[in-house]
There are 2 protein chains.
Amino acid sequence: MVETPARPESRGERKERTRRAILDAALALCEDSSLVALSLRQVAKEVGIVPTAFYRHFESIEALGLELVDESFVSLRAMLRDVRRRDPALEDVIDGSIRILVEHVHQQRAHFHFIARERAAGPPTVRGAIRHEIELCERELAADLTRLPDIGPWSAEDLRVLSNLIVMAMVATAEAILSAPRRPDAEKQIVETARTQLRMVLIGALNWRSRS
Amino acid sequence: MVETPARPESRGERKERTRRAILDAALALCEDSSLVALSLRQVAKEVGIVPTAFYRHFESIEALGLELVDESFVSLRAMLRDVRRRDPALEDVIDGSIRILVEHVHQQRAHFHFIARERAAGPPTVRGAIRHEIELCERELAADLTRLPDIGPWSAEDLRVLSNLIVMAMVATAEAILSAPRRPDAEKQIVETARTQLRMVLIGALNWRSRS
DNA sequence: AGTTTGAGTGAACGTTCGTACACCCGGGAC
DNA sequence: GTCCCGGGTGTACGAACGTTCACTCAAACT
């Protein structure tokens with residue numbers, strides 16, 4: 001039972017509200033352990049329902065995890081849309097992209113943390129789902145890179161390798177922000193590092209390509 | 001009780017043997033979950049001792065985890081020593097380093113897997129220990145890079161950033177190998193990707209530096 | 001108005017968990 | 001030869017676990 005609302009509430013609304021409460025509770029509870037160490041009863045207690053009521057919404061903790069993956073990547077995709085919408089090369093692409101990344105990491109801290117954790121430690125199906133989503137991100141990035149004049153004519157394989165490297169660096173940067181002390185100067189350094197690294201990578205890619 | 005040996009065995013030897021058995025069992029048991037989901041009783045059962053006997057060797061699962069971190073990095077450090085021993089630029093540094101990395105990942109599969117997992121999902125103290133060890137690796141790499149003629153005069157900060165990028169790429173490569181299908185061609189592609197990426201990074205670093 | 005449906009309840013089950021405690025018994029020091 | 005230290009044992013506990021089942025009762029359908 002999820003607190004009585006002020007006024008009327010349809011059956012479906014009620015259900016959706018409980019479902020959300022379960023997802024939020026799970027996200028919060030596994031913040032410092034992992035899905036694989038999260039119990040159905042903890043979640044139920046946190047939400048304020050009896051354990052068996054959990055099954056009305058999810059088949060298992062693992063199924064709940066897959067839902068959280070979807071949810072996390074919805075917001076991540078929103079971020080990528082933001083990045084892509086920017087006029088390329090109007091202002092510095094690198095600085096802008098990193099700024100948006102950092103912004104979204106703060107806004108969706110729990111989701112990013114969830115992904116970073118379960119990517120390595122979640123149940124196999126969850127790990128697989130996350131890996132798949134990240135591959136999609138790499139493909140999208142590769143497609144975007146084609147639009148940059150100096151990179152357009154590259155081979156598909158080269159684009160894949162470069163995208164993989166960049167996404168990897170962005171994942172690592174997000175992880176660094178998440179696990180750094182929450183002081184602005186610490187974050188500032190991480191951002192500065194990421195910026196330099198992205199520059200190195202891009203310049204390297206260009207020079208490497210033009211001589212091979 | 002860990003199987004009766006053929007002949008005499010000192011008290012200390014016996015204890016060490018049980019301790020090893022516990023460490024190995026824990027490493028094997030958390031292979032597809034995480035330390036935070038590993039129970040003392042599972043470990044005890046696997047080893048073949050009664051649950052309470054566990055406390056004769058470790059204060060808690062978390063303490064056992066810290067021990068596993070140390071152990072993992074001992075072998076990792078051995079690997080780095082291998083890499084460093086190679087005559088620089090005798091054969092291609094990149095190819096040789098990656099080859100050694102791959103070799104060690106296979107030899108110490110369980111340890112690498114453990115690190116990759118607990119780095120993101122372990123108990124806070126374990127995460128901290130792993131982060132610290134990885135930082136040490138970055139510093140060692142930075143020191144090594146100083147010996148390369150074209151990089152020697154770089155600033156400490158630039159070296160840090162470059163080392164961070166390279167170590168990050170190596171961690172990601174190791175993770176990719178661990179979670180890839182165990183077919184030689186799949187691994188071959190990962191290795192090829194890593195090699196190209198390292199080249200891009202190094203060339204980028206050199207060019208970026210020489211123009212700033 | 002009468003009936004169906006389904007989210008949430010509550011008690012109960014068989015396990016497994018971490019930990020406490022008293023105990024055993026053989027190697028090693030005296 | 002005696003004593004003690006300590007790795008390993010066995011039992012026992014209260015708590016938490018996933019899952020079952022029969023239930024309520026109000027919204028929604030007919």
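Each chain gets a letter, A, B and so on, in the order its sequence line appears, and its residues count up from 1.
- The distance from the OG atom of Ser163(B) to the CE atom of Met170(B) is 12.0 Å, given to the nearest 0.5 Å.
- Computed from coordinates, the Glu13(A) CD to dA28(D) P distance equals 9 Å when rounded to whole Å.
- Note: CG (Leu38(B)) to C1' (dC17(C)) measures 12 Å, nearest angstrom.
- Taking atom CD of Glu9(A) as the reference point, atom C1' of dG8(C) lies 14 Å away to the nearest angstrom.
- Between the side chains of Glu67(A) and His57(A), no donor-acceptor pair of N or O atoms lies under 3.5 Å.
- Across dG8(C), dT9(D), dA7(C), the shortest atom-to-atom separation from the side chain of Lys15(A) is found for dA7(C).
- Across dG8(D), dT9(C), dT19(D), the shortest atom-to-atom separation from the side chain of Tyr55(A) is found for dT19(D).
- Rounded to an integer number of Å, the gap from Arg19(A) CZ to dA7(C) P is 12 Å.
- Comparing dC17(D), dG10(D), dG7(D) by their nearest atom to the side chain of Gln42(A) picks out dC17(D).
- The side chain of Thr52(A) contributes no N or O atom lying less than 4.0 Å from OP1 or OP2 of dC21(D).
- Here Ser39(A) reaches the OP1 or OP2 of dC17(D): one of its side-chain N or O atoms lies under 4.0 Å away.
- Nearer the 5' end of DNA chain C, as judged by each residue's closest nucleotide, is the contact made by His57(A), out of Glu59(B) and His57(A).
- One interatomic measurement links the two molecules: CD of Glu16(A) to P of dG6(C), which rounds to 17 Å at whole-angstrom precision.
- With hydrogens and angles ignored, a donor-acceptor pair under 3.5 angstrom links the side chain of Arg11(A) to the base of dA26(D).
- Screening Arg139(B), Arg81(B), Arg85(B), Arg84(B) against Asp144(B) for a salt bridge (charged side-chain N to carboxylate O under 4.0 Å, His left out) leaves a single residue, Arg84(B).
- Counting atom types as modelled, Arg41(A) pairs a side-chain N or O with a base atom of dG18(D) as donor and acceptor under 3.5 Å.
- The side chain of Leu40(B) approaches dG18(C) more closely than any other nucleotide in the set dG18(C), dG8(D), dG18(D).
- Contact between Pro51(A) and Leu40(A) at its shortest, heavy atoms only, is O-CD2, 3.6 Å.
- Between the P atom of dA7(C) and the CZ atom of Arg20(A) lies a distance of 17 Å, rounded to the nearest Å.
- Look at CD1 on Ile49(A): it is 13 Å from P on dG18(D), rounded to the nearest Å.
- On a pure distance criterion of 3.5 Å, a polar donor-acceptor pair joins the side chain of Arg56(B) and the base of dG8(D).
- Residues Arg119(A) and Glu175(A) are paired through a salt bridge, judged by an N-O separation under 4.0 Å between the basic side chain and the carboxylate.
- Across the protein-nucleic acid pair, Lys45(B) atom NZ and dG10(D) atom P stand 14 Å apart, rounded to whole Å.
- Between Ser60(A) and Gly12(A), the residue anchored nearer the 5' end of DNA chain D, judged by the nucleotide with its closest heavy atom, is Ser60(A).
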